[in-house]
Undergrad: 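The following block contains the structure, expressed as structure tokens.
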Amino acid sequence: MSTIAVIDFETTGVSPEQGARATEVAIVLLEQGRVVDRFQSLMNAGVRIPSFITQLTGITNAMVAAAPPAEQVMGEASRFVGEAPMVAHNAAFDRKFWVAELDRAGLSAPQPYACTVLLSRRLIPQAPSHKLGSLISFLGLPPAGRAHRALADAEMAASLLAHLQQQLQERWQLQADHALLSSLQRCSKAAVPGWLAQQRERHAAV
DNA sequence: TGCCAGGCCCTCTTTAGGGCCTT
């Protein structure tokens, strides 16, 4: 049975190359569209949190100071994910921090990533916004607690991913595993209808 | 004080520019 790990980081900024560090990580394991396990932890990377980040996330310096070291948390997160493929909302962002924080902990990051922003732009082009919270609201999916906290955002991204997988199955009769989603996100939006028809024919021929 | 990234998409494009999305 294929397991997908949906991840979300809270951080001190947008770029590890510019010194930003992770402050919290959450991972939700999905199997056939259902949540089967969760991991969440604040982490202490030894950096101060900018005030606007505290306003955005609610994560304070005191909270992070009381959290376990970043290296320890990333080691636990890495073991939790294993070799499962990963998905995030704007995966380019979370993947950078996944790679950077694991590298600091002396660990590799071999997992492939897919992105729910790219997927939703292709499968839900009519959405007025492709921000995570906006998509959840637009689709009528249940919110999962405070936005901009890692577990709530990971739960919402998982809910969005399950919805996209269901859409692929109901509208195009495609079992949306990670390989299919990764291929889909590399298509241009204009090419999606033809690509989906091609995939369905291929699936029917098997 | 103000700014800082980067990959993707769309269009008034392709020898480019601006907006989106993440914290």
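Given the structure is predicted, the values throughout are model-derived calculations rather than measurements. Residue numbers start from 1 in every chain, and the chains themselves are labelled A, B, ... in the order their sequence lines are given, proteins ahead of strands.
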Undergrad: I'd like the P distance from B:dG17 over to B:dT1, given in whole Å.
TA: 32 Å
Undergrad: Suppose clustering is done on Ile, Leu, Val, Met, Phe, Trp and Tyr with side-chain heavy atoms closer than 4.5 Å. Which residues sit in the same group as A:Leu118?
TA: none
Undergrad: Do you know which two heavy atoms are closest between A:Leu30 and A:Val35, and how far apart they sit?
TA: CD2-N, 3.6 Å
Undergrad: When the C1' atoms of B:dG19 and B:dC12 are compared, how many Å lie between them, rounded to an integer?
TA: 15 Å
Undergrad: Determine the interatomic distance between P on B:dC8 and the same-named atom on B:dT13; round to the nearest Å.
TA: 22 Å
Undergrad: List the protein contact pattern of nucleotides 17-23 of chain B with one symbol per nucleotide (5' to 3'): B for base contact, S for sugar-phosphate-only contact, - for none; contact means a heavy-atom distance under 4.0 Å.
TA: ---BBBB
Undergrad: Indicate every side-chain donor-acceptor pair of residues 61-75 of chain A with a distance under 3.5 Å to a residue at least two apart or in another chain.
TA:
| unit_1 | atom_1 | unit_2 | atom_2 | d |
| --- | --- | --- | --- | --- |
| A:Asn61 | OD1 | A:Ile49 | N | 2.8 |
| A:Gln72 | NE2 | A:Glu76 | OE2 | 3.4 |

Undergrad: Just how far, in rounded Å, is C1' of B:dG6 from CH2 of A:Trp98?
TA: 21 Å
Undergrad: A:Phe97: which residues meet the ring pair (Phe, Tyr, Trp, His ring centres under 6.0 Å) condition with it, sequence neighbours left out?
TA: A:Phe93
Undergrad: Which pairs with one or both residues in residues 11-33 of chain A pass ring-ring contact (aromatic ring centres under 6.0 Å, His included), sequence neighbours excluded?
TA: none
Undergrad: Heavy atoms within less than 4.0 Å of DNA chain B: which residues of residues 99-108 of chain A have one? Give them sorted by number.
TA: none
Undergrad: List, one per line, each side-chain donor-acceptor pair under 3.5 Å for residues 50-57 of chain A, sequence neighbours excluded.
TA:
| unit_1 | atom_1 | unit_2 | atom_2 | d |
| --- | --- | --- | --- | --- |
| A:Thr54 | OG1 | A:Ile59 | O | 2.9 |
| A:Thr57 | OG1 | A:Ile53 | O | 2.9 |
| A:Thr57 | OG1 | A:Ile59 | N | 3.0 |

Undergrad: Return all side-chain donor-acceptor pairs below 3.5 angstrom for residues 154-166 of chain A, not counting sequence neighbours, or 'none' if the list is empty.
TA:
| unit_1 | atom_1 | unit_2 | atom_2 | d |
| --- | --- | --- | --- | --- |
| A:Glu155 | OE2 | A:Arg38 | NE | 2.3 |
| A:Glu155 | OE2 | A:Arg38 | NH2 | 3.4 |
| A:Gln165 | NE2 | A:Ala176 | O | 2.8 |
| A:Gln166 | NE2 | A:Glu170 | OE2 | 2.9 |

Undergrad: With sequence neighbours left out, write down each residue that passes side chain to side chain contact (heavy atoms under 4.5 Å, CB included) with A:Arg104, or none if nothing qualifies.
TA: A:Arg21, A:Glu101
Undergrad: Using atom C1' of each nucleotide, how far apart are B:dG2 and B:dC20 to the nearest Å?
TA: 23 Å
Undergrad: Roughly how many Å apart are B:dC3 and B:dG18, using the P atom of each and rounding to a whole number?
TA: 16 Å
